[in-house]
Amino acid sequence: EVQLVESGGGLVQAGGSLRLSCAASGFNIDDYALGWFRDIPGKEREAVSCISSSDGNTYYADSVKGRFTISTDNAKDTVYLQMDSLKPEDTAVYYCAATLTQSLARIREAGNYDYWGQGTQVTVSA
């Protein structure tokens, strides 16, 4: 059974840091591009950061560039999102996802993902 399980969310003050983890099972992440998305009430699901397994290219939303870092540990089939200098506007439910698509342009689109985790809440207080 294919599963993605996120962890690491929580409540943090503005300026603080969190590291989200997403453990994959039932498939090998070496073959997949991986992404972190977030849901903010009243907004469409947003791609936060994505990484292509074929060439290691990464994508970051403008709002998180310089603050968030995506990485993978293929031996553990896990993808991480290090979030630093958090802001209240980063408050959201964060999801990890996996897709066989490797195009950097396409992996920014949530509709191109095959598997999704259940989400983890991140709340940043002012």
Side-chain angles (χ1 to χ4, degrees):
E1 179 186 6
V2 171
Q3 273 194 315
L4 292 168
V5 179
E6 300 101 334
S7 60
L11 173 63
V12 64
Q13 288 188 331
S17 297
L18 285 173
R19 188 176 81 154
L20 304 184
S21 300
C22 175
S25 59
F27 67 100
N28 189 334
I29 67 169
D30 289 354
D31 300 323
Y32 286 75
L34 300 162
W36 286 97
F37 292 78
R38 65 186 180 188
D39 283 352
I40 297 174
K43 295 185 177 182
E44 289 188 2
R45 181 164 292 184
E46 174 189 28
V48 176
S49 182
C50 310
I51 184 166
S52 170
S53 63
S54 63
D55 54 19
N57 282 342
T58 56
Y59 163 80
Y60 292 95
D62 287 343
S63 58
V64 307
K65 279 181 183 176
R67 300 189 298 122
F68 290 12
T69 304
I70 191 170
S71 63
T72 60
D73 184 336
N74 287 7
K76 296 182 178 179
D77 282 328
T78 299
V79 57
Y80 303 98
L81 185 68
Q82 178 66 41
M83 305 187 294
D84 298 320
S85 302
L86 282 161
K87 303 176 181 180
E89 51 263 44
D90 294 318
T91 295
V93 178
Y94 284 72
Y95 299 88
C96 70
T99 177
L100 285 170
T101 300
Q102 296 287 350
S103 160
L104 200 60
R106 297 195 67 200
I107 63 176
R108 303 176 193 181
E109 301 296 328
N112 291 323
Y113 280 76
D114 304 300
Y115 305 118
W116 290 86
Q118 81 287 353
T120 186
Q121 176 71 46
V122 171
T123 303
V124 184
S125 63

Test item: S85 side-chain N/O and G15 main-chain N/O as donor-acceptor pair under 3.5 Å:
no

Exercise: identify the closest heavy-atom pair between A110 and R45
CB-CD, 4.3 Å

Same hydrophobic cluster for L104 and I51, using side-chain heavy-atom links shorter than 4.5 Å among ILVMFWY?
no

Short question: side chain of D30, backbone of N74 - any donor-acceptor pair under 3.5 Å?
no

Is it true that D90 and K87 make a salt bridge, defined as a side-chain N closer than 4.0 Å to a carboxylate O?
no

Are side-chain heavy atoms of V64 and R38 found at a separation under 4.5 Å?
yes

What's the separation between atom CD in E109 and atom OG in S103, rounded to the nearest 0.5 Å?
10.0 Å

Given Y113 and T101, is the side chain to side chain contact (heavy atoms under 4.5 Å, CB included) satisfied, shown in steps?
CA-CA 8 Å; Y113 280 76; T101 300; over 6 Å; no

Identify whether V12 and V93 are in the same connected component of the hydrophobic contact network (ILVMFWY, side-chain heavy atoms under 4.5 Å).
no

Where V48 and F37 come nearest, the two heavy atoms and their spacing:
CG2-C, 4.0 Å

Whether Q3 side chain and G26 backbone form a donor-acceptor pair below 3.5 Å
no

Out of curiosity, L86 CG to T123 OG1, how far, rounded to the nearest 0.5 Å?
10.5 Å

State, to 0.1 Å, how close T91 and V124 come at their nearest heavy-atom pair, and which atoms those are.
OG1-N, 2.9 Å

Verify side chain to side chain contact (heavy atoms under 4.5 Å, CB included) between S63 and E46, making sure each step is shown before the conclusion.
CA-CA 11 Å; S63 58; E46 174 189 28; 3.6 Å; yes

Same hydrophobic cluster for L100 and V2, using side-chain heavy-atom links shorter than 4.5 Å among ILVMFWY?
yes

Sorted by chain and residue number, the side-chain contact (heavy atoms from CB on, under 4.5 Å) partners of S71 (sequence neighbours excluded) come out as Y80

Counterpart residues, disulfide bond (SG atoms under 2.5 Å apart), relative to C22 (two or more places apart):
C96

Heavy-atom pair with the smallest gap, counting every atom of I107 and T99
CG2-CG2, 3.9 Å

For E6 and Y95 the tightest heavy-atom approach is OE2-CA, 3.2 Å

Rounded to the nearest 0.5 angstrom, the CH2-OG1 distance for W36 and T120 is 7.5 Å

Does a side-chain heavy-atom distance below 4.5 Å link L34 with T72?
yes

Between D77 and F27, does the side chain to side chain contact (heavy atoms under 4.5 Å, CB included) criterion hold? Intermediate values first, please.
CA-CA 8 Å; D77 282 328; F27 67 100; over 6 Å; no

Heavy-atom closest contact (S21 atom, T78 atom, distance):
CB-CG2, 4.4 Å

Give, for atom CG of L4 and atom OG of S25, the distance between the pair rounded to the nearest 0.5 Å.
7.5 Å

